[in-house]
Amino acid sequence: MQQIESIREFGGYLNRYRHDSDSCHCSMTFSVYLPPQAESGKVPAVYWLSGLTCTDDNFRTKAGAQRYAAELGLALIIPDTSPRGDKVPDAADRYDLGHGAGFYVNATRQPWSKHYHMYDYVVKELPALIEAGFPVVPGLKSVCGHSMGGHGALVCALKNPGEFRSVSAFAPICNPLQSPWGEGCFSAYLGDNREDWEAYDATCLVQAGATVPAILIDQGTADEFLAEHLFPHNLQAACETAGLPLTLRMQDGYDHSYHFIASFIGEHLAWHAEALQSSA
């Protein structure tokens with residue numbers, strides 16, 4: 001692991017690293033914000049999963065999360081959204097497949113299956129790396145994300161009960177089997193059998209009995225992708241049937257951008273901090 005950047009922020013440090021990934025078989029980049037509390041002891045961690053076309057840079061420069069993380073004593077772990085590099089397959093004519101669009105699945109179809117294992121990277125490899133090399137409390141972590149990353153956060157939490165102490169999302173793709181984004185990527189990464197896709201669909205997972213303590217979702221009513229891609233009410237209906245607590249907040253007039261995320265990220269981090277503290 002190589003540190004490639006360090007910036008002083010709000011009494012802590014925003015650092016960036018590069019390492020060779022066993023899951024993705026390429027060099028991966030991630031950022032870590034360590035709050036001032038990490039200088040005197042280990043702190044809980046919140047993993048942030050970004051959306052289509054993003055890298056780790058979008059969240060750390062646009063969301064304003066570090067101020068809140070410093071106040072709450074949370075480390076922020078910010079991975080990239082896909083494997084990258086000249087030898088990593090891409091779909092240069094598409095923004096929703098290939099580089100920047102890993103969709104947090106383990107691909108099983110060529111040419112994607114060697115590198116596109118973002119699910120294993122987020123759930124297994126990166127947490128092991130973080131807990132071995134940074135002042136975070138082992139096992140004390142939560143997950144949050146936006147859009148494609150919101151989908152990833154929900155799926156990672158639902159498929160691994162107890163692994164993440166809390167989960168929240170901004171404008172997540174809640175039912176990718178019904179979304180053109182999900183259909184396009186899942187068919188490429190996983191093949192044409194839609195039953196295989198259900199393992200990476202939050203609504204399907206809840207319908208199949210997966211559970212987490214609670215879910216918090218913020219969704220803007222002016223989101224240009226809401227009707228065609230996101231389907232939060234499908235997940236809400238599945239959670240109501242399953243008796244799984246879901247707080248879905250429809251935020252009037254907000255769009256899909258980081259202006260929306262920045263408006264509510266403090267509330268999400270406070271929600272995670274409370275869950276992490278109660279389970280410490």
Legend entry - Residue pair His229 / Ser179: nearest heavy atoms and the distance that separates them: ND1-OG, 3.0 Å
Inset, instruction - Return the minimal non-hydrogen interatomic distance between His268 and Ser168, and the atom names on each side. - result: ND1-OG, 2.8 Å
Legend entry - Close side-chain approach of Ile173 to Phe225, heavy-atom, < 4.5 Å: no
Legend entry - Heavy-atom pair with the smallest gap, counting every atom of Gly102 and Ser82: N-CB, 3.6 Å
Legend entry - side-chain contact (heavy atoms from CB on, under 4.5 Å) evaluation trace for Val46 with Leu276: CA-CA 9 Å; Val46 174; Leu276 290 162; 4.1 Å; yes
Legend entry - Other residues, nucleotides, ligands: >12 heavy atoms within 6.0 Å of Glu5 CD: yes
Inset, instruction - Check the angle between the aromatic planes of Phe260 and Tyr254 and answer parallel, tilted or perpendicular using the 30° and 60° thresholds. - result: tilted
Inset, instruction - May I ask you to decide whether Glu9 forms a salt bridge with Arg60, counting only side-chain N to carboxylate O separations under 4.0 Å? - result: no
Inset, instruction - Of all the heavy-atom pairs spanning Leu235 and Val206, show the shortest one and how long it is. - result: CD1-CG2, 3.9 Å
Inset, instruction - Kindly check if the number of other-residue, nucleotide or ligand heavy atoms within 6.0 Å of CZ (Arg67) is above 12? - result: no
Inset, instruction - Taking the side chain as every heavy atom from C-beta outward, state whether Leu76 and Trp48 have any atom pair closer than 4.5 Å. - result: no
Legend entry - Sidechain-backbone polar pair: Gln219 side chain, Gln251 backbone, donor-acceptor under 3.5 Å: no
Inset, instruction - Nearest 0.5 Å please: distance from the CG atom of Leu34 over to the NZ atom of Lys42. - result: 12.5 Å
Legend entry - Straight-line distance of Ser147 OG to Asp223 CG, nearest 0.5 Å: 7.5 Å
Inset, instruction - To the nearest 0.5 Å, tell me how far Asp20 CG sits from Met28 CE. - result: 11.0 Å
Inset, instruction - Taking the side chain as every heavy atom from C-beta outward, state whether Asp22 and Asp120 have any atom pair closer than 4.5 Å. - result: no
Legend entry - Plane angle bin for Tyr116 and Trp112 - parallel if under 30°, tilted between 30 and 60°, otherwise perpendicular: perpendicular
Inset, instruction - Say whether, by atom type as modelled, one donor and one acceptor occur between the side chain of Asp201 and the main chain of Leu177 under 3.5 angstrom. - result: yes
Inset, instruction - Hey, could you give me the CD/CG distance between Gln207 and Leu244, rounded to the nearest 0.5 Å? - result: 12.0 Å
Inset, instruction - For side-chain contact (heavy atoms from CB on, under 4.5 Å), just list the numbers for Ser23 and Tyr119, CA-CA rounded to whole Å, side-chain angles, deciding distance to a tenth of an Å, and then say yes or no. - result: CA-CA 9 Å; Ser23 300; Tyr119 174 80; over 6 Å; no
Inset, instruction - Please check if Tyr47 and Val137 belong to a single hydrophobic cluster, counting links between Ile, Leu, Val, Met, Phe, Trp and Tyr side chain heavy atoms closer than 4.5 Å. - result: no
Inset, instruction - Decide if atom NZ of Lys159 counts as having more than 12 heavy atoms of other residues, nucleotides or ligands within a radius under 6.0 Å. - result: yes
Legend entry - Tyr68 side chain near Leu74 side chain, heavy-atom distance below 4.5 Å: no
Legend entry - Non-hydrogen atoms of Ala69 and Pro35 that approach each other most closely: O-CB, 3.7 Å
Inset, instruction - Give a yes-or-no answer on whether the side chains of Thr55 and Asp57 include a donor-acceptor pair shorter than 3.5 Å. - result: no
Legend entry - In one Ile/Leu/Val/Met/Phe/Trp/Tyr side-chain cluster, 4.5 Å: Leu216, Val212: no
Inset, instruction - Could you point out which residue of Tyr258, Phe59, Phe170 forms a ring pair (Phe, Tyr, Trp, His ring centres under 6.0 Å) with His146? - result: Tyr258
Inset, instruction - Start with the C-alpha gap between Arg194 and Glu183, add the side-chain angles, then the distance that decides, and say whether side-chain contact (heavy atoms from CB on, under 4.5 Å) holds. - result: CA-CA 9 Å; Arg194 294 178 68 91; Glu183 290 180 331; 3.4 Å; yes
Legend entry - Modelled atom types, side-chain donor and acceptor of Asn15 and Ser6, under 3.5 Å: yes
Legend entry - Path from Leu154 to Phe264 over hydrophobic side-chain contacts below 4.5 Å: no
Legend entry - N/O donor-acceptor pair under 3.5 Å between Asp96 side chain and Trp181 backbone: no
Inset, instruction - Would you give the length of the straight line joining atom OG1 of Thr211 to atom CG of Leu158, rounded to the nearest 0.5 angstrom? - result: 7.5 Å
Inset, instruction - Using atom types as modelled and distance alone, determine if a side-chain donor or acceptor of Thr221 lies under 3.5 Å from a backbone N or O of Gly253. - result: yes
Legend entry - Cluster link Leu205 to Leu230, ILVMFWY, side chain under 4.5 Å: yes
Inset, instruction - Quickly, which of His19, His115, His25 forms a ring pair (Phe, Tyr, Trp, His ring centres under 6.0 Å) with Tyr121? Name it, please. - result: His19
Inset, instruction - Examine distances only and state if a side-chain atom of Trp271 and a backbone atom of Val167 form a donor-acceptor pair shorter than 3.5 Å. - result: no
Legend entry - Distance, nearest 0.5 Å, that separates CD of Glu224 from OG of Ser257: 8.0 Å
Inset, instruction - Using the side-chain contact (heavy atoms from CB on, under 4.5 Å) rule, pick out the option among Pro172, Cys54, Pro79 that qualifies with Leu49. - result: Pro79
Inset, instruction - Start with the C-alpha distance between Phe164 and His272, add both sets of side-chain angles, then the distance that settles side-chain contact (heavy atoms from CB on, under 4.5 Å), and finish with yes or no. - result: CA-CA 10 Å; Phe164 297 96; His272 288 298; over 6 Å; no
Inset, instruction - On the 0 to 90° scale, with breaks at 30° and 60°, tag the His151-Tyr104 ring pair as parallel, tilted or perpendicular. - result: tilted
Inset, instruction - Would you indicate whether the side-chain heavy atoms of Phe30 and Asp56 approach each other to under 4.5 Å? - result: no
Legend entry - Residue pair Cys239 / Gln236, side-chain heavy-atom distance below 4.5 Å: no
Inset, instruction - Kindly work out whether a path of hydrophobic side-chain contacts (I/L/V/M/F/W/Y, heavy atoms less than 4.5 Å apart) joins Ile4 to Phe134. - result: no
Legend entry - Leu226 and Met250, any side-chain heavy atoms less than 4.5 Å apart: yes
Inset, instruction - Flag yes if more than 12 heavy atoms outside Arg18 fall under 6.0 Å of its CZ atom; otherwise flag no. - result: no
Legend entry - Residue pair Lys141 / Val143, side-chain heavy-atom distance below 4.5 Å: no
Legend entry - Closest non-hydrogen atom pair, Thr203 against Cys174: OG1-O, 2.8 Å
Inset, instruction - Please check if atom CD in Gln3 has more than 12 non-hydrogen atoms from other residues, nucleotides or ligands closer than 6.0 Å. - result: yes
Inset, instruction - Could you tell me whether the side chain of Glu131 and the main chain of Gly139 form a donor-acceptor pair under 3.5 Å? - result: yes
